[in-house]
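Positions are given from 1, in the same order as the sequence printed here.
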Amino acid sequence: MHRQVLLLATAQALFQTASALVMTVGALAARHITAAPHQLATAPIAAMFLGTLVTTIPASKLMARSGRRRGFVTGALLGALAGIVAASGIYAGSLLVLSLGTLLFGASQAFAQFYRFAAAEVSDDEFRPRAISLVLGGGVVAALLGPALGTLGEPLLQPAYTGSFLILAATSVIAAGVLAALRIPTPKPETTRSEVRPLLTIMRQPTYAVALFGAATGAGVMVLAMTATPLAMVHHDHSLSGATKVIQAHVLGMFLPSFFTGSLIARFGVLRVMATGAALLSGHVLVTFSGTGFASFTGALVLLGVGWNFLYIGGTTLLTTTYRPAERANAQAAHDLTIFAVGLVSSLSAGALLQAIGWQRMNALLLPWTFTAILAVAWLGRRQRRSGAT
């Protein structure tokens, strides 16, 4: 059990390194090869989320039939192909080909998002929250390596950022080698269809709905702000090096708490942790009002990362209580499909909102969303207490 979780955490570290690299340089690379930088600069990021969106259900179905290891290795190899295609797009000066590359990376991401569920499946009830946390904790490596590798690759080959995406390809190949060592049993065929409830029945459960809304809030708010951050910082006269440091601090905020989030859930309960996460996202917005200096960007993005962590791990932990083993493929796919649909909309709108209303007003629009998440978690907690009382 612990060996499988360690392999999944290592693969997560490599995947998140590649993801952080794309988030750091994707929009900046696009800005060099498009005549409309503000409107189209975030197109590669949006394409990444579109790739995840359209691949999530097929990825889940493939792994339900063929097993986690085969699916995860397939996803990592897609990531390697993505890096090569994206680098080719930059070399050819084609935003379309660059976006095709990030679209393929999004397909790779669809497989990688199931690492945390695989960790839950190989763990017992007591270890499950910590297993999910430890796998996501692999992203701490990404905080240090992802933005740094993106910056390292900028001048490595010409045109700028070609080398960054070739580094992404190499990272994905290494991840495929790690995942090939997994030994997770291939699932047995489902015995009877009567064990599987309709998907809408599963999703209508209050616990499922709140788990999904909480995770989608964390993802949507995080993607919108994180996608816009490098562009906003360059607009406010910060260097690429400064933007890289802020993204590193943000990714640390996303993943460093993972080493104790599971323990916090065990001690205080999953709903309290999720409510705290939504409050931290609100804190991110408030810190952006303090200005556009380096400290303001850094403080806001750290809160953004920690808030996402609490909501994402909390939402995943809560979600695993809402479906039967035979239902997990559909329930997990619907959950992640919704999250990445939200991420797609957030990434598509980031550049346009930033240009139209500026960094601070763009973030202010997020407050009603984060407050609603707090209310939803509080409502579920009250409902569960009343149910327990009766």
Side-chain angles (χ1 to χ4, degrees), residues 1 4-5 8 52-53 55-72 75 110-136 182-216 219 261-262 265-266 269-271 273-274 311-341 376-377 379-381 383-388 390:
M1 176 176 67
Q4 303 308 306
V5 171
L8 289 165
T52 304
L53 185 66
T55 311
T56 293
I57 290 179
S60 182
K61 297 292 187 183
L62 173 64
M63 288 187 285
R65 293 192 305 269
S66 303
R68 293 297 195 192
R69 182 176 67 170
R70 184 172 296 180
F72 289 158
F111 287 90
Q113 292 305 310
F114 289 95
Y115 294 167
R116 70 194 195 280
F117 289 122
E121 290 156 11
V122 300
S123 303
D124 56 31
D125 291 342
E126 182 180 356
F127 187 59
R128 187 167 294 120
R130 291 177 175 84
I132 295 170
S133 294
L134 288 172
V135 168
L136 291 179
L182 280 174
R183 293 295 181 269
I184 298 177
T186 301
K188 297 178 181 179
E190 293 164 5
T191 53
T192 62
R193 295 299 301 170
S194 61
E195 296 179 0
V196 183
R197 294 169 292 174
L199 180 59
L200 283 179
T201 299
I202 299 170
M203 296 182 71
R204 284 172 182 163
Q205 298 173 96
T207 302
Y208 187 104
V210 171
L212 176 58
F213 185 70
T261 304
I265 290 172
V270 65
L271 295 181
V273 170
M274 291 179 67
L311 277 172
Y312 198 65
I313 293 178
T316 299
T317 302
L318 190 62
L319 189 82
T320 60
T321 67
T322 65
Y323 53 80
R324 301 165 184 166
E327 299 166 343
R328 70 186 186 190
N330 289 336
Q332 292 171 3
H335 176 270
D336 280 10
L337 185 70
T338 304
I339 285 177
F340 282 98
V377 172
W379 169 80
L380 180 62
R383 190 177 189 277
Q384 289 181 345
R385 287 192 296 273
R386 283 184 173 180
S387 177
T390 58

(request) For the pair L318 and T207, evaluate side chain to side chain contact (heavy atoms under 4.5 Å, CB included) and give the outcome as yes or no after the intermediate values. (result) CA-CA 7 Å; L318 190 62; T207 302; 3.5 Å; yes
(request) Would you check if L271 and Q384 make a side-chain contact, meaning some heavy-atom pair closer than 4.5 Å? (result) yes
(request) Please answer whether the main-chain N or O of T52 pairs with a side-chain N or O of T56 as donor and acceptor at a distance below 3.5 Å. (result) yes
(request) Please report the C-alpha distance between R324 and V196 in whole Å, then the side-chain angles of each, then the deciding distance to 0.1 Å, and finally whether the side chain to side chain contact (heavy atoms under 4.5 Å, CB included) criterion is met. (result) CA-CA 8 Å; R324 301 165 184 166; V196 183; over 6 Å; no
(message) Distance check, rounded to the nearest 0.5 Å: Q113 atom CD versus T55 atom OG1?
(response) 12.0 Å
(request) Could I get the full list of side-chain hydrogen bond (donor to acceptor under 3.5 Å, both in side chains) partners for Q332, not counting sequence neighbours? (result) R68, E121, Y323
(request) Looking only at non-hydrogen atoms, find the nearest pair between S60 and A329 and report the distance. (result) OG-O, 2.9 Å
(message) Quick check: closest heavy atoms across H335 and A215, and the distance to 0.1 Å?
(response) NE2-CB, 3.7 Å
(request) Considering non-hydrogen atoms only, spot the tightest contact between A211 and M274 and give its length. (result) CA-CE, 4.3 Å
(request) State, with a plain yes or no, whether a side-chain heavy atom of I57 is found less than 4.5 Å away from one of L337. (result) yes
(message) Under a 3.5 Å distance rule, please check whether T201 uses its side chain to pair with a backbone N or O of R197 as donor and acceptor.
(response) no
(message) Could you tell me if the side chain of L182 sits less than 4.5 Å from the side chain of Q4, heavy atoms only?
(response) yes
(request) Determine yes or no for a side-chain-to-main-chain donor-acceptor pair under 3.5 angstrom, with Y208 supplying the side chain and A331 the backbone. (result) yes
(request) Mind checking the CG-OG1 spacing from D336 to T316? Nearest 0.5 Å is all I need. (result) 7.5 Å
(message) So which atom in M203 and which in A334 form the shortest heavy-atom distance, rounded to 0.1 Å?
(response) SD-CB, 3.9 Å
(request) Give a yes or no on whether the backbone of L319 and the side-chain of T322 come within a donor-acceptor separation of less than 3.5 Å. (result) yes
(message) Counting C-beta onward and ignoring hydrogens, is there a side-chain heavy-atom pair between I313 and R116 closer than 4.5 Å?
(response) no
(request) Measure across V210 and A376 and return the closest heavy-atom pair with its distance rounded to 0.1 Å. (result) CG2-O, 3.9 Å
(request) Identify the residue among F117, F114, F72 that makes a side-chain contact (heavy atoms from CB on, under 4.5 Å) with L8. (result) F72
(message) Would T317 and V273 count as a side chain to side chain contact (heavy atoms under 4.5 Å, CB included) here? Give the steps.
(response) CA-CA 11 Å; T317 302; V273 170; over 6 Å; no
(request) Might you point out which heavy atoms bring A219 and I339 nearest each other, and give the distance in Å? (result) CB-CG2, 3.6 Å
(request) Measure the shortest side-chain to side-chain distance between M63 and R69 over non-hydrogen atoms and say whether it is less than 4.5 angstrom. (result) no
(request) Evaluate side chain to side chain contact (heavy atoms under 4.5 Å, CB included) for L62 paired with R70, printing each intermediate quantity in order. (result) CA-CA 9 Å; L62 173 64; R70 184 172 296 180; 5.6 Å; no
